[in-house]
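Before I ask anything, here is the structure I am working with.
Order of the sequence lines fixes the chain letters, A, B, ..., with proteins taken first and strands second; residue numbering starts at 1 for each chain.
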Protein chains: 2
Amino acid sequence: MDTGTPAPRRRMRADARRNYERLLAEAAAAFGEHGADFSLEEIARRAGVANGTLYGHFPTRRALLEALMGDRMRTLATTGEELLAHPSPFDGLAAWARAAMAHTTLYRGLGATLMQAIEDETSELHTACKAVLAAGEGLVARARAAGAARPDVTAPDLYALVNAAAWAGEQSSALQAERLLAFGLDGFRASTTGADDHMPSQR
Amino acid sequence: MDTGTPAPRRRMRADARRNYERLLAEAAAAFGEHGADFSLEEIARRAGVANGTLYGHFPTRRALLEALMGDRMRTLATTGEELLAHPSPFDGLAAWARAAMAHTTLYRGLGATLMQAIEDETSELHTACKAVLAAGEGLVARARAAGAARPDVTAPDLYALVNAAAWAGEQSSALQAERLLAFGLDGFRASTTGADDHMPSQR
DNA sequence: ACCTGAACACCGTTCAAGT
DNA sequence: ACCTGAACACCGTTCAAGT
């Protein structure tokens, strides 16, 4: 049974639970309006709790983001697995990339956190990001195997493209983000001619 | 005669000029090591001047960046014009894109400022960025006209790609930046087959 | 078990007062 | 003409003291 709000991991005292949920609600509203870098102090203020109460529930900004977005990210990963059944390996990959970018666009400034969380094992978002990356990996591998994507395209390439395009969109326009994503995806496509260009080799 | 340091626009009192140059030197060092978001207060401290002295010379962070990078950006624009003589329109475009990305990589976190400066006419970096964009425009137009680039590729697309790839590199690795740029540029290439894909239409 | 609020060490920006 | 340094309004994070 899904309550709609992400549940804290264990039973909490009634007042604690109430504070936890008010903090989440205010954070969602504030991040949505002002971006993921919005002042945590101000969020606590709006939730009507003291400074330290926020840190008690969410020791870092990333922990707060994980509580807000963890489920959504796992859903994105599931969507990726489902798209493995898409009739066209490349179109399935492209459709998922667009969904992933829409996810990054949820809060302004999210891209940097999501990019760093992949490498940073101490990040509370690390596990969720890894799941998303793994879903991308499946789609990329399938497109490569089908000869639809270049043999050297990797999941980190896809992940970076999605977040970078989302970032560019934040600086200029949502349309620019879509265009950049489309160009990048087209660069992932296996060339029908045999003419390869100079791609820096893989990590 | 080039003195090596960017010259302030008018004659200054000797002490003012000395402060101006110490501030520039400390800013260059600090931005180089810690990124373009480094504390201005700390830069003033390191330069041995008071807080307000920095603001007297450079009313905004962007003004400081312009003093540090304006010349470099105009040089980049010139390089772009020279590359119009490159035998291959597409390779000339690609070479310039790589040079532009190297420029963005000068200080961490520069990409956002450079992206915003294009749209923000009040930015002290606006003029310099416009010159860079115009150089890109020339190269893109030539590649389009030669049938080497897709007919719908624009200078803003190129500008966004360069900065977004540089941004991605800052979050993960320089190699990832190069790869993203290469994929994006390949997406700019006119497809040898007639098969067009769904590109969101232009601004 | 959880909450409070002060404490600490920072920011960017402005501006009166000096020389 | 330029510089100083205090003033103002903010941050994130920690932690002793309370209930």
Summary of ring-ring contact (aromatic ring centres under 6.0 Å, His included) pairs that have at least one residue in residues 104-148 of chain A, sequence neighbours excluded: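 Qualifying pairs, neighbours excluded: A:Phe31-A:Tyr107.
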Show me the donor-acceptor pairs, under 3.5 Å and distance only, between side chains in residues 161-171 of chain A and residues at least two apart or in other chains.
residue  : atom : partner  : partner atom : Å
A:Asn163 : OD1  : A:Thr104 : OG1          : 3.1
A:Asn163 : ND2  : A:Tyr159 : O            : 3.0
A:Glu170 : OE1  : A:Gly109 : N            : 3.0
A:Glu170 : OE2  : A:Gly109 : N            : 3.0
A:Gln171 : OE1  : B:Gln116 : NE2          : 3.1
A:Gln171 : NE2  : A:Trp167 : O            : 3.4

Greater than 12 external heavy atoms within 6.0 Å of A:Arg72's CZ: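 No, the 6.0 Å shell around CZ holds no more than 12 heavy atoms from other groups.
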Any residue meeting salt bridge (charged side-chain N to carboxylate O under 4.0 Å, His left out) with B:Glu26, in chain and number order, not counting sequence neighbours: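 Here no residue qualifies.
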Strand contacts (DNA chain C) in residues 113-129 of chain B, 4.0 angstrom heavy-atom criterion: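 Here the set is empty: none.
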Nucleotide-resolved protein contact map, nucleotides 7-19 of chain D, B/S/- at heavy-atom distance under 4.0 Å: ----BBBBB----
A:His57 side chain near C:dC2 phosphate (N/O to OP1/OP2, under 4.0 Å):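 Answer no for this pair, as no side-chain N or O of A:His57 is under 4.0 Å from OP1 or OP2.
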Residue list, salt bridge (charged side-chain N to carboxylate O under 4.0 Å, His left out) with A:Arg18, at least two apart or on another chain: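 Partners of A:Arg18 under the salt bridge (charged side-chain N to carboxylate O under 4.0 Å, His left out) test: none.
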Listed once per pair and sorted, the ring-ring contact (aromatic ring centres under 6.0 Å, His included) pairs that draw on residues 127-153 of chain B, sequence neighbours left out: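 Not a single pair qualifies under ring-ring contact (aromatic ring centres under 6.0 Å, His included).
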All pairs passing ring-ring contact (aromatic ring centres under 6.0 Å, His included) where residues 73-92 of chain A contributes a residue, at least two apart: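 Qualifying pairs: none.
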Base-paired stems in DNA chain C, each at least three Watson-Crick or G-U pairs under 3.5 Å: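 Ordered by first number, the stems with DNA chain C (at least 3 consecutive pairs each) read C:4-8 with D:12-16, C:12-16 with D:4-8.
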Any residue meeting side-chain hydrogen bond (donor to acceptor under 3.5 Å, both in side chains) with A:Thr60, in chain and number order, not counting sequence neighbours: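 If we apply the side-chain hydrogen bond (donor to acceptor under 3.5 Å, both in side chains) test to A:Thr60, skipping adjacent residues, the hits are A:Glu124.
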Residues A:Arg144 and A:Asp152 bridged, charged N to O under 4.0 Å: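 Salt bridge between A:Arg144 and A:Asp152, a charged N being under 4.0 Å from a carboxylate O: no.
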Whole-Å P distance, D:dA9 and C:dA9: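 One P to the other, the span is 22 Å.
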Contact under 4.0 Å: A:Asn19 side-chain N or O vs C:dC3 OP1/OP2: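 The answer is yes; a side-chain N or O of A:Asn19 sits under 4.0 Å from OP1 or OP2.
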B:Glu137: partners by side-chain hydrogen bond (donor to acceptor under 3.5 Å, both in side chains), with sequence neighbours left out: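 Not a single residue meets the side-chain hydrogen bond (donor to acceptor under 3.5 Å, both in side chains) criterion with B:Glu137.
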Listed partners of A:Asp120 passing side-chain hydrogen bond (donor to acceptor under 3.5 Å, both in side chains), at least two apart: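 If we apply the side-chain hydrogen bond (donor to acceptor under 3.5 Å, both in side chains) test to A:Asp120, skipping adjacent residues, the hits are A:Thr122.
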Distance in angstrom units between B:Leu23 CG and D:dC2 P, rounded: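 Value for this atom pair: 14 Å.
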Whole-Å distance separating the CG atom of A:Leu54 from the C1' atom of C:dG5: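 In whole Å, C:dG5 C1' and A:Leu54 CG are 14 Å from each other.
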Nearest-Å distance for atom pair CZ/P, residues B:Arg22 and D:dC2: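 Result: 18 Å.
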